[in-house]
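All values below come from the heavy atoms of this structure, side chains included, with hydrogens, waters and symmetry mates left out. Chain naming here is simple, since letters A, B, ... match the order of the sequence lines and numbering starts at 1 in each.
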Amino acid sequence: MEYNHNEIEKKWQKYWKENETFKTDVWDFSKPKYYVLDMFPYPSGQGLHVGHPEGYTATDIIARMKRMQGYNVLHPMGWDAFGLPAEQYAIKTGNHPNGFTERNIKTFTRQLNMLGFSYDWSKEVSTSDPKYYKWTQWIFKQLFEDGLAKYVDMPVNWCEELGTVLSNDEIINGKSERGGYPVVRKNLKQWVIDIPKYAERLLENLDKIDWPESTKEIQRNWIGKSVGANVDFSIADTDDKLTVFTTRPDTLFGATFMVLSPEHPIIEKYADRITNIEDVRKYRDAAALKSELERTDLAKEKTGVRIEGLEIINPVTNSPLPIYAADYVMMNYGTGAIMAVPAHDQRDYDFAKKFNIPIIQVIDGGDISKEAYTGDGKMINSGFLNGITTKKEAIEKMINVLEEKGIGKKSINYRIRDWIFARQRYWGEPVPVLHFDDHIESLPDNELPLVLPELDNYSPSKKGEAPLERATNWVNVEKNGKKAKRETSTMPGSAGSSWYFLRYIDPNNDKVFADKKLLDHWMPVDLYLGGVEHATGHLLYSRMWNNYLFDKGLVPTEEPFSKLVHQGMILGSNGEKMSKSRGNVINPDDIVKNYGADSLRVYEMFMGSLEDSKPWSDTGIEGARKFLDRFYRLFSDISKISDTPNFNLEKEYHKTVKKVTTDYENLNFNTAISQIMIFVNAAYKEKNIPREYAEGIIKLFNPIAPHITEELWSMYGHTDTITYESWPTFDESKTIDEEIELPIQINGKVKGTIVISLDADEQTVKDSAHKELTNLLEGKNIIKEIYVKNKIYNIVIR
RNA sequence: GCUGAUGUGGCGAAAUUGGUAUACGCACUGCACUCAAAAUGCAGCGGGAAACCAUGUGGGUUCGAGUCCCACCAUCAGCACCA
């Protein structure tokens, strides 16, 4: 019988929809739960690309297997629907971005259904839906009231072209990620979320979750914890002091100058004492014009200016030291001031060389005439530290002394910055606050959601004002007789995605963001799948929100995702990233039409390891299709299926059940498929296939190729979906060979094999091994013989 | 520069974690079926005539290394004047 993918796939998709096959009753606590989640997509105008189904198929396989294993499975899908393309469409056409977004969502939904994913669409959420963002605003409100969402004046990355602020991860090489426009630094009042407050928790909790080690490392680096000390330096002839953060307090005796960030406020404070204040100001203004990248890109050549008329006192040597302003010191890390130890820090060394500042070596080693010495060694020129040989000991002693004198203390710094939580854009969640003349107030709950007003024109104004400024009726309000203004910037895309996994559990609740009992039952997410590119964005933000909600007693676990896996990228057949400009894009619609959804699923799972990037291959997809043809041909031939046992297949069947089950659990889908192929190859050689085996293999294959297996299942006389049939079991004893081929080695090289019974005793093996290799052993001096049971027999000769 | 990952046939990739390297598939070759082709089924398929040689390169540990250790090379990713 011919395998007609089109007919079969349509038929079963219709059946699943009509029977609500995948609908989950979240209140059914009688079965163990399993929550398996995909990172929800941004519904772009291009529709699904072939990369999406890779991860979605993987989670679908797990969802389908877990259902058959008796779990109550939550497997939802939704939309990260706020975003720039919809906004740009609105600017261009003057239409509301919502229409554009909804059209795209329709396309995505059709495509996902066409691929046979077992999502429970009754749980669908969309971040741009006011019923959803009501709760995004509500969570923001809690953060604001708890002081974690703050309105502060800060330097930001400003993109003139886009008319908005960008976060660090939206900037690539000093240009905006989208469009590649220049980015400059500028001071602005900004909404930020105090994610540094959670730095330590986010760091510590990494040890509690089953995530790829590399992703944890990316987050650790991003959080960037460094332990050191804050040390106070007094400014000569004043009562003022400057505090620096250093990770090397042990080198304090070698500090020969201080460097301030050009924006450091102390400069303006002592403007009248600084004799060259104009030069310093000029330097500062020039630095502000540079984007962060330019500032860091010119790494080789240090620039700076001496602050004349002001000196600083080294607290341990009491020598007066010069102060410089230089843009290699950042205002937003540490204290914006550093003590410079040129002998033991390369940057300070370069600076000192350029400005002719003395270099004092305090750790023995290296060659200070050539470069800074950053290694370990004996302390020298260091007063009370002299003679100490380990860094750790020197640091401890120095900190003790500083603490006794009250001029320093142990301190920890994090690299992670405040999360900038506002964009000068229209298509995002409105920030639910009112600005009064003298204070800011969050909206009361009953005014949520604060819905986006409609506009005639969605572009930002010339001055870079947010589009919402145009909605004057909406912006200007009066409350209790006082005039107030609404916030006109909106939340960033990462707002709605920071908690959507909670909403899936109870998507229609209008009393709370999700029922506590349901959250207690369903959280955390058991398996979360998506791309690595979110490592320092979404995956950090959502962890922070979840930890915060946990602290408020609103969710049951600190960490939202107990297990995380990243799918690799599917590259074009030329090994390059798929893109329109390279002309190597594969459209899933075409593939499904020509080969079928099951073929696409099988192929993408068979390509290789889920986590690796791998190139698309046209012959590969054909191969997958051929296997499905072969599979269908074999199992649809009912005349071969019977209740007669066939011992030729017994072992392979039990092996297959075992391997496929464990491979699925470990997300090794490629080897699971190869095992099913091995069984099919074996079955082709047989005249009769026991019904039990045929049905078992069909069930095993169902998670990967759901349509073809439903069809075959129904051909065997079953009237119900295969979805909730029980998962096949295997008998361990039947997977074991009673006779095995044992390799015989001489000096570790295989010279032959013998057939032995399983667990044969050493003497028997030795005898047949010697017999097998008589020729090679003749006249040789046997030094040693090694027998590893059922693995190998090795004879060492000289 | 720092951090992390990867490197196996013509190609996509396996290898129970130290025990017969190249499973499974693609491509290719041959045979069967066919007037023929396609499709399908079956068989072969790292190199070498062989001894042997092959898992990026060079060392090491071990009876035995794709797997462990050291050094290096290449590719990819993240961070990047973070004090």
Side-chain angles (χ1 to χ4, degrees), chain A residues 2 168-169 212-222 224-226 228 244-248 251 258-259 261 292-293 295-303 326-330 332-341 345-348 350-351 413-417 532-533 535-536 569 573 575 602-603 606-609 611-624 626-627 629-630 633 659 662 668 670-678 680-681 684-685 741-753 783-797:
Chain A
E2 194 69 5
N168 282 341
D169 46 297
E213 205 38 58
S214 53
T215 309
K216 290 188 185 179
E217 203 55 33
I218 291 172
Q219 292 206 343
R220 282 189 198 108
N221 290 341
W222 188 261
K225 178 178 183 175
S226 35
V244 303
F245 171 72
T246 176
T247 54
R248 298 296 304 272
T251 61
M258 174 174 279
V259 187
S261 167
E292 186 143 4
L293 185 95
R295 235 168 115 161
T296 58
D297 204 31
L298 304 163
K300 305 288 169 294
E301 191 61 18
K302 294 270 178 293
T303 64
D327 62 8
Y328 79 93
V329 174
M330 310 289 147
N332 52 6
Y333 182 80
T335 62
I338 62 163
M339 66 176 216
V341 185
D345 181 290
Q346 192 57 42
R347 291 156 311 178
D348 299 345
D350 295 341
F351 195 88
N413 253 278
Y414 299 94
R415 203 194 65 96
I416 192 170
R417 315 273 169 88
V532 236
E533 64 273 17
T536 57
M569 213 187 312
S573 45
V602 168
Y603 173 56
F606 188 61
M607 285 172 92
S609 169
E611 279 143 302
D612 290 347
S613 293
K614 48 232 157 226
W616 178 268
S617 149
D618 291 328
T619 52
I621 179 81
E622 266 171 53
K626 276 185 198 167
F627 174 66
D629 281 328
R630 197 167 148 84
R633 218 175 291 123
K659 181 154 175 65
T662 54
N668 294 328
N670 52 338
T671 49
I673 292 169
S674 87
Q675 183 59 43
I676 292 172
M677 287 171 168
I678 290 169
V680 167
N681 289 346
Y684 256 88
K685 297 191 176 64
E741 210 177 52
L742 188 83
I744 314 294
Q745 299 180 327
I746 289 181
N747 293 347
K749 285 192 173 148
V750 178
K751 295 293 174 184
T753 58
I783 299 169
K784 199 172 168 185
E785 293 181 57
I786 294 139
Y787 176 45
V788 181
K789 207 181 199 181
N790 302 329
K791 293 278 190 206
I792 205 131
Y793 194 85
N794 189 15
I795 302 167
V796 186
I797 62 172

**OP:** Quick one: label A/Lys789 by what it contacts on the DNA or RNA (base, sugar-phosphate, nothing), any heavy atom closer than 4.0 Å.
**Re:** nothing
**OP:** May I ask you to verify if any side-chain N or O of A/Arg415 is less than 4.0 angstrom from the OP1 or OP2 atom of B/rA80?
**Re:** yes
Subject >> Phosphate OP1/OP2 of B/rA83 contacted by A/Ser226 side-chain N/O (<4.0 Å) >> reply: yes
Original post:
Got a minute to check which stems RNA chain B is part of, using Watson-Crick or G-U wobble pairs under 3.5 Å, three or more consecutive?
Top reply: B:1-7 with B:73-79, B:10-12 with B:24-26, B:28-32 with B:40-44, B:56-60 with B:68-72
Subject >> Rounded interatomic separation in angstrom, taking CG from A/Asn413 and P from B/rA83 >> reply: 8 Å
Original post:
B/rU62 C1' sits how many Å from A/Asn747 CG, rounded?
Top reply: 13 Å
Original post:
Whole-Å distance between B/rC2 C1' and A/Glu217 CD?
Top reply: 11 Å
**OP:** Please list, chain by chain and in numerical order, all residues satisfying side-chain hydrogen bond (donor to acceptor under 3.5 Å, both in side chains) with A/Lys659, sequence neighbours excluded.
**Re:** A/Asp663
Subject >> Reading 5' to 3' through nucleotides 14-25 of chain B, protein heavy-atom contacts under 4.0 Å coded B for base, S for sugar-phosphate only, - for none >> reply: S-B--BB--BBS
List every contact pair, protein side and nucleotides 46-53 of chain B side both N or O, where the distance is under 3.5 Å.
from	atom 1	to	atom 2	distance (Å)
B/rC52	OP1	A/Lys751	NZ	3.3

**OP:** Using atom CG of A/Asn221 as one end and atom C1' of B/rA77 as the other, report the distance to the nearest whole Å.
**Re:** 12 Å
**OP:** Please list, chain by chain and in numerical order, all residues satisfying side-chain contact (heavy atoms from CB on, under 4.5 Å) with A/Lys789, sequence neighbours excluded.
**Re:** A/Asp759, A/Tyr787
**OP:** Using the C1' atom on both, measure B/rG7 against B/rC72 and round to a whole Å.
**Re:** 14 Å
Original post:
Is any side-chain nitrogen or oxygen of A/Arg633 closer than 4.0 Å to OP1 or OP2 of B/rG41?
Top reply: yes
Original post:
Between B/rU3, B/rC26, B/rA13, which one does the side chain of A/Lys626 approach most closely?
Top reply: B/rC26
Subject >> Close side-chain approach of A/Arg248 and A/Asp345, heavy atoms under 4.5 Å >> reply: no
**OP:** Quote, to the nearest angstrom, the P distance that separates B/rC70 from B/rU3.
**Re:** 14 Å
Subject >> Distance, P atom - from B/rG64 to B/rA21, rounded to whole angstrom >> reply: 14 Å
**OP:** Grab the CZ-P distance between A/Phe245 and B/rA83 for me, whole Å please.
**Re:** 6 Å
Original post:
Between A/Tyr684 and A/Gly224, which has a closest nucleotide on RNA chain B that is more 5'?
Top reply: A/Tyr684
Subject >> Any A/Lys751 side-chain heavy atom under 4.5 Å of A/Ile744 side chain >> reply: no
Subject >> Whole-angstrom distance between B/rG12 and B/rG59, as gauged at atom C1' >> reply: 33 Å
Subject >> Inter-nucleotide P distance (B/rC81, B/rG66), Å rounded >> reply: 43 Å
**OP:** Output all residues satisfying side-chain contact (heavy atoms from CB on, under 4.5 Å) with A/Glu622, sequence neighbours left out; order by chain, then residue number.
**Re:** A/Tyr595
**OP:** Using the C1' atom as the reference point in each nucleotide, state the distance between B/rA39 and B/rC76 in Å, no decimals.
**Re:** 41 Å
**OP:** Could you classify B/rG44 for me, syn or anti, using a glycosidic angle within 90° of 0 as syn?
**Re:** anti
Original post:
Reckon A/Ser617 touches a base, only the sugar-phosphate, or nothing at all at heavy-atom distances under 4.0 Å?
Top reply: nothing
Original post:
When you compare B/rU62 with B/rU29, how far apart are their C1' atoms, in angstrom units rounded to a whole number?
Top reply: 42 Å
Subject >> Closest to the A/Ile218 side chain, choosing from B/rA27, B/rG78, B/rA13 >> reply: B/rG78
Original post:
Just by modelled atom types, is the A/Ser226 backbone N or O under 3.5 Å from a matching donor or acceptor in the A/Asn413 side chain?
Top reply: no
**OP:** To the nearest Å, give me how far apart CZ (A/Arg220) and P (B/rA77) are.
**Re:** 22 Å
Original post:
Any side-chain heavy-atom pair from A/Tyr333 and A/Ser261 closer than 4.5 angstrom?
Top reply: no
Subject >> Syn/anti state for B/rU17 [syn: chi within 90° of 0] >> reply: syn
Original post:
OP1 or OP2 of B/rG12 sitting under 4.0 Å from any side-chain N/O of A/Lys614?
Top reply: no
Original post:
Which residues satisfy the side-chain hydrogen bond (donor to acceptor under 3.5 Å, both in side chains) test with A/Gln675, sequence neighbours excluded?
Top reply: A/Glu652, A/Thr656
Subject >> Residues in side-chain contact (heavy atoms from CB on, under 4.5 Å) contact with A/Ser613, at least two apart in sequence or another chain >> reply: A/Met569, A/Leu571
Original post:
Mind checking the C1' distance from B/rG46 to B/rC28? Whole angstroms is fine.
Top reply: 14 Å
**OP:** Output all residues satisfying salt bridge (Lys or Arg N to Asp or Glu O under 4.0 Å) with A/Arg415, sequence neighbours left out; order by chain, then residue number.
**Re:** none
**OP:** Could you tell me whether the side chain of A/Asn747 and the main chain of A/Ile797 form a donor-acceptor pair under 3.5 Å?
**Re:** yes
Original post:
In whole angstrom, what separates A/Glu533's CD from B/rA77's P?
Top reply: 13 Å
Subject >> Residues that A/Arg220 engages under salt bridge (Lys or Arg N to Asp or Glu O under 4.0 Å), provided they are two or more places apart >> reply: A/Asp207, A/Glu213, A/Glu217
Original post:
Looking for any heavy atom pair under 4.0 Å, which part of the strands does A/Thr335 touch: base, sugar-phosphate only, or nothing?
Top reply: nothing
Subject >> Options B/rC81, B/rG4, B/rG12, nucleotide nearest the side-chain atoms of A/Asp327 >> reply: B/rC81
Subject >> Which residues share a side-chain contact (heavy atoms from CB on, under 4.5 Å) with A/Lys784, sequence neighbours left out >> reply: A/Ile786, A/Val796
**OP:** With sequence neighbours excluded, tell me which residues meet ring pair (Phe, Tyr, Trp, His ring centres under 6.0 Å) with A/Tyr603.
**Re:** A/Trp616
Original post:
Rounded to the Å, how far apart are A/Glu622 CD and B/rU40 P?
Top reply: 10 Å
